[in-house]
Amino acid sequence: MRAGLVAGLLLWGGTAQASDAAVQPLWLLLDGVQAQDELSRLRTIHLFFNRRIRFATDEVAWGQVDYWASPLETLRRGAGDCEDFAIAKYFSLLAAGVPAARLRLVYVRARLDEGPLQPHMVLAYYAAPGADPLVLDNLQDDIVPASRRDDLRPVFSFNSEGLWQGVGAVSAGDPALRLTRWREVMVKARAEGFR
Amino acid sequence: MSLARQVWLMLCAALLFALVGSTALHTWMARQTLQHQLQMRNDDGAATLAIALSQQQGDAASMALVLAAQFDTGHYRRLQLLGPDGAVRLQRERPALPGHAPAWFVALLAVDAGPGQAPVSNGWQPLGQVMVWSQADAALDALWTVWLRTAAGFVLLGLAAAVLAVVAVGAWRRPIDAVVAQAQALEAQRFLRAEEPATPELRTLTRSMNAMVQRLQGLFDEQARHLEALRQQAEADAVTGLLKRQVFVARLDAALRAEGQRGSGLLLVRLSQLEAMNRRLGHAGTDRLLAALAQVLQSYPQGVKGSLAGRLNGSDLALYLPAPDMAAESAASLRDALRAALGLVDPQAVLSLGAAELRPPVDDAAAALAQADRALAQAELGGPFALSVLPPSRATEGEGVWQAQLLAALLGHHARLHETPVPGVGGRLQHLASALQLQLQAGGPFEPPARWLPLAVRCRLSGQADQAALALALQAVAVDGQPRRLPFAAASLAAEGFVDAVRAQLQAAPEAAARLWLVVGEEVATHPERMQRAVAAWRLPGLRIGLHHGGSRLRQLPAWQALGIDHVLFDGALLQGVATQAAPRELAEGLCTLLHGLQWQALAQGVADAADREALLGLGFAGVAG
């Protein structure tokens with residue numbers, strides 16, 4: 001895992017961007033969490049992004065109605081919406097050694113501040129199959145089990161498990177397979193050195 | 001391998017390579033595209049199904065219903081819902097439909113898109129995966145159709161390219177073949193002209209070859225033209241431009257002997273009272289008058305091929321017409337034309353006209369002239385501008401009898417060779433000129449060829465006569481070892497089996513054959529392939545084969561190169577006066593030069609004057625007979 005990261009770093013460093021100030025702390029952080037247990041890693045990375053990234057809609061951050069940014073894009077921009085947070089945490093946790101099977105990106109309907117239900121996305125962590133997942137929400141620094149989040153109604157969840165088998169055979173530049181947003185982000189993250 | 005074949009092979013290989021390669025490439029690209037499309041369809045189907053299943057709150061019956069609904073309304077081969085443990089929870093499947101693509105094609109180009117996968121969840125809990133396989137048979141069928149069309153299209157294109165190639169190869173092959181043929185012809189001393197092609201390199205080659213051939217041919221032609229002019233000068237009477245007496249007689253002889261002729265006419269014109277006219281008009285005036293008459297006569301040889309016009313002596317002019325039953329009519333119109341011409345120069349001048357209709361066999365020119373003379377004598381009794389026409393002296397109804405006699409003489413060997421020694425340089429015997437004489441009636445005289453040859457040609461017996469002569473000559477050579485010259489009729493070469501029979505005779509006696517000169521009538525030159533075949537068949541060491549030049553234009557001589565002969569026999573009439581006069585001498589010299597250039601020997605016969613004979617030998621003729 002680490003070797004992959006370093007290789008990615010070198011690869012990226014070749015373009016003289018890996019060492020830029022916005023990205024450098026993430027690499028240091030990922031280096032630092034290797035020794036921690038999974039829950040600590042979860043918390044460290046959750047807080048890293050919640051504190052460093054300012055919430056902004058895609059229209060504000062990227063000038064587009066909907067844009068799925070890769071982790072480093074989000075870090076450099078310093079801003080992102082709920083998807084960008086979830087994606088950045090997902091790939092960072094993978095990079096920190098958390099198995100993909102324990103992580104899921106979840107579309108939820110959220111009741112914020114007693115208002116109407118709004119579309120939202122969070123990252124869920126399953127310590128074991130069938131267990132009550134922990135919710136990593138960009139709106140809350142606390143990581144709490146899903147059973148205690150009455151304000152969230154899960155709709156659909158997914159991760160990158162099994163998807164690589166369709167992508168791995170062909171190059172990341174294959175236009176036909178980059179058509180979905182999720183796959184596009186996966187390809188971008190991989191190119192940035194994440195796995 | 002020939003150049004053309006190499007190019008063909010290369011073209012075919014290139015076409016086949018391009019065709020197969022492009023078809024394979026095209027099909028492969030189409031397969032890749034189809035495979036991607038299919039993969040995307042699988043992925044999208046999986047995502048859609050997974051989202052729909054995730055909304056069922058984990059209710060198994062609802063999920064089964066949704067899965068069945070999607071399967072039944074979509075183009076799917078198989079739908080599966082796998083639990084988190086990977087076990088199959090739900091599945092719908094239908095067998096692959098038989099497509100119309102053949103099995104080998106399916107095996108070779110199987111479209112193997114992976115199944116579409118998407119996760120299914122119930123609330124926070126993952127429920128597993130859906131797997132989606134779309135119908136790929138339609139894709140394969142589409143690929144097969146594409147392949148068929150592509151192959152058909154490329155085959156059509158290939159055919160078009162092949163047609164273009166045929167045209168292109170033909171375009172440069174024709175000129176090359178032409179130049180090769182030209183070079184081969186040149187080797188056989190024939191001059192061909194090739195058409196200039198459009199390709200610059202080939203055009204240069206062809207042009208150079210043409211120029212060379214033309215220069216060579218021009219050289220020979222120039223020589224022959226010069227000789228022709230000399231001949232005409234040597235043959236023509238100075239005052240009238242008509243043929244001199246000896247020349248006319250010799251030509252008449254040849255014409256009467258000519259094969260295949262069915263009769264002819266001879267007209268004599270006599271200017272009466274030449275002495276008185278000389279006194280009245282003066283010498284020059286008389287010459288002018290003669291020239292005016294000659295101009296009228298000359299229109300016949302100029303217009304009718306084979307007719308001859310000559311001046312026999314001071315007051316007598318002669319006209320030979322090569323066709324039968326023309327004498328009377330021609331004599332009348334000639335008389336009117338001559339009268340008109342005379343009227344313009346000297347109204348007092350008077351002439352008579354005698355015409356004889358001739359039928360073969362006629363002995364010779366002297367006999368023919370005697371007949372015409374009789375007619376003229378009759379006409380002179382009739383007064384000024386009288387005209388008398390003598391009917392054919394010998395009726396043709398005797399022909400059957402003659403033919404029987406001829407055949408009997410040949411079969412009964414009533415034949416002998418008449419031999420005339422032909423001296424060469426220094427008076428040494430060059431060879432013996434042999435002519436076949438036939439005893440046509442028991443106990444009768446042996447008749448010369450002039451008497452029976454025209455008839456023999458008409459009856460297609462000349463070949464047998466020539467074979468009989470050859471047999472006698474070979475025997476004679478075997479006895480005394482003297483070289484002999486033997487004439488062959490041109491018509492004999494056309495007879496079936498003649499060439500082979502002669503070859504057998506020659507090969508049976510090669511030593512005797514090595515001392516023979518075979519001289520074929522010049523008429524054979526109009527069928528060069530006959531002569532070429534004969535020369536090829538008879539070729540033996542020592543044997544000489546030539547042509548008898550019987551008064552045709554000398555310009556034809558270079559064309560005889562194609563025949564493969566080695567000598568030419570000339571008639572003495574052409575060379576008369578060579579010892580004393582400049583024009584015949586120049587002609588003889590020119591002939592020798594030309595024949596030397598063509599590597600032929602020259603022979604002459606019928607040279608009456610001993611001094612002329614000496615002169616010709618001195619100029620390089622191999623043998624000259626009187």
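With a 4.5 Å cut-off on non-hydrogen atoms, A:Y107 does not touch chain B at all. Interface remark: B:P84 contributes no atoms to any contact with chain A (heavy atom separation under 4.5 Å). Of the atoms belonging to A:A131, it is backbone heavy atoms, and not side-chain ones, that fall under 4.5 Å from chain B. Both the backbone and the side chain of A:V155 come within less than 4.5 Å of a heavy atom in chain B.
Considering every non-hydrogen atom in both A:N159 and A:W182, the closest pair reads O-NE1, 3.5 Å.
Between B:R92 and B:D72 a salt bridge is recorded (basic side-chain N to carboxylate O distance below 4.0 Å).
Among the candidates A:S147, A:S157, A:P129, A:A101, the residue making the largest number of heavy-atom pairs closer than 4.5 Å to chain B is A:S157.
No close placement of the A:Y125 and B:W124 rings is indicated, their centers lying 6.0 Å or farther apart.
More than 12 heavy atoms of other residues, nucleotides or ligands lie within 6.0 Å of CZ in B:R203, so this atom counts as buried by the packing criterion.
Taking CE of B:M131 as the reference point, atom CG of B:L49 lies at 12.5 Å (rounded to 0.5 Å).
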